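In each ligand, atom 1 is the first atom listed, and ligand 1 is the first ligand listed. Computed from a prediction, not measured in an experiment: that's the story for all the values here. These numbers come from the heavy atoms of this one structure, side chains and all, not from hydrogens, waters or symmetry mates.
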Amino acid sequence: MERNDFPKDFIFGVATASYQIEGAYNEDGKVPSIWDVFSHTPGKIKNNENGDVACDHYHRYEEDIKIIKDIGFDAYRFSISWPRVMKNTKEKNEKGLDFYNKLIDKLLENNITPFITIYHWDLPLFLYEKGGWLNDDIALYFQDYSSILFQNFGDRVKHWITLNEPWCSSFLGYFYGIHAPGHKNLQEAIKTDHNLLRAHGYSVEAFRDLVKDGKIGITNVTTKVEPADETEEDFYVALLVDELTNGWFYDPIIFGRYPENARAILQRNGIEIFENDMNIISKKIDFFGINYYTRQLVKYAPEEPFMFRTIEGELEKTEMGWEIYPEGLYDMLLKIYNRYKTPLYITENGMAGPDKIENGKVHDTYRINYLKSHFENALKAIKDGVDLKGYFIWTLMDNFEWAEGYSKRFGIVYTDYTTQKRYLKDSAIWLKKFLEGK
Ligand SMILES: OC[C@@H]1[C@@H](O)[C@H](O)[C@@H](O)c2nc(CNc3ccccc3)cn21
């Protein structure tokens, strides 16, 4: 497989997120986020690490852009830190806007197309203190914030993603409690997800007025859900879990309603489902972003509240314990495209590996094999009719991996956190050769 096997205008990119790489957590007027508070709370993050410094990208962005350029990527997906550009619900932080203006200009100078993610989990504390995603007003606060970004960057940035993975913000942040703000309440998860989708819709509405020649979408985590065994019961719960983890975040945006089986089982468990603003939520988008990593195997378990439990699979796993399952990428690209008939980008795909540095080298052959096999499945999907426009690798450099702190390395570039030096791993060198084949 070569780069030229992909369509001529196919985009290969690399992705990061503000809280995971920037550091400078309290510099130049940036106010706290819920992740600053969560990571400063003892016991929440492995080894009690935090994003105060991270990869110090706030001060090293020029060097990092040089690396992106050197590897040969067409595009770079990054997120804006809401608390870095807004001091409160009304006042902008000009120094924060300046940082992103310099970043965007440097990217364009290097002929790298910027893709902006408006929200990648770092909610300003001043909004959390007003109820955060539980407060219905947040949708309009998000529209105001989005509009400021569109007005400041929309002249140069034409590809926008409203939210990164509302499933994570709502279910990890408000039900499982392993992400900020660490709540454990299913009704809150359902409520926050509805407000996240409302915020998405209001942002799209503003975008159509402010960036008329731009494209906007939303990124969903997209996991292949499979029955653990070939029994009717396992097939049923697989359908149910697919609706709860995938359909719940895709269907409202295209069909203006939540998937019915998941809805029914939530209501049977006394959960209130929300209907308001479905006309806003389903405002037409230009693409879906798919974050694909692995599959989820489920087993019928009537004793469980939602009749299923997740089973550990037998396939080779990454350092996150996630099975390596490239065929699942093909399956989900076909499923999502054929159901929603909306252009797609893979906005994240990658793996955490047992990366060890020796004499400045990291021999991550496993990551080369991972990327190769997932590229092959993406290409197969294109050949089978999926309108797949691009593929962003997660991630540029090792960074703050949320609850895992710095213990998990997803980068194609190795970060030495004591010196802040960056080292191209073998996977980056392989990609450089692959991308040269243009
Ligand atoms: O975990 C790797 C990346 C993470 O660093 C990104 O910020 C985030 O967008 C992201 N989403 C997934 C897939 N979803 C997920 C599942 C379980 C825990 C955390 C994320 C993986 N990743």
Relative to Tyr325, does Arg295 satisfy both conditions: NZ or CZ under 6.0 angstrom from the six-membered ring centre, and within 45 degrees of the ring's axis?
yes
Heavy atoms under 4.0 Å from ligand 1: which residues qualify?
Gln20, His120, Trp121, Asn164, Glu165, Cys168, Leu172, Val221, Asn291, Tyr293, Trp322, Glu348, Trp394, Glu401, Trp402, Phe410
So is Lys425 actually on top of Tyr414's ring, under 6.0 Å and inside 45° of the axis?
no
List the atom pairs, donor and acceptor, that lie under 3.5 Å between side-chain atoms in residues 305-312 and the rest of the protein, sequence neighbours left out.
| unit_1 | atom_1 | unit_2 | atom_2 | d |
| --- | --- | --- | --- | --- |
| Thr310 | OG1 | Gln296 | NE2 | 2.9 |

Please confirm whether Phe12 and Phe73 have ring centers closer than 6.0 angstrom.
no
Residue pairs, two or more places apart or on separate chains, that pass salt bridge (Lys or Arg N to Asp or Glu O under 4.0 Å) and touch residues 126-135
none
Restricting to pairs with a member in residues 177-194, which pass salt bridge (Lys or Arg N to Asp or Glu O under 4.0 Å), not counting sequence neighbours?
Asp136-Lys191
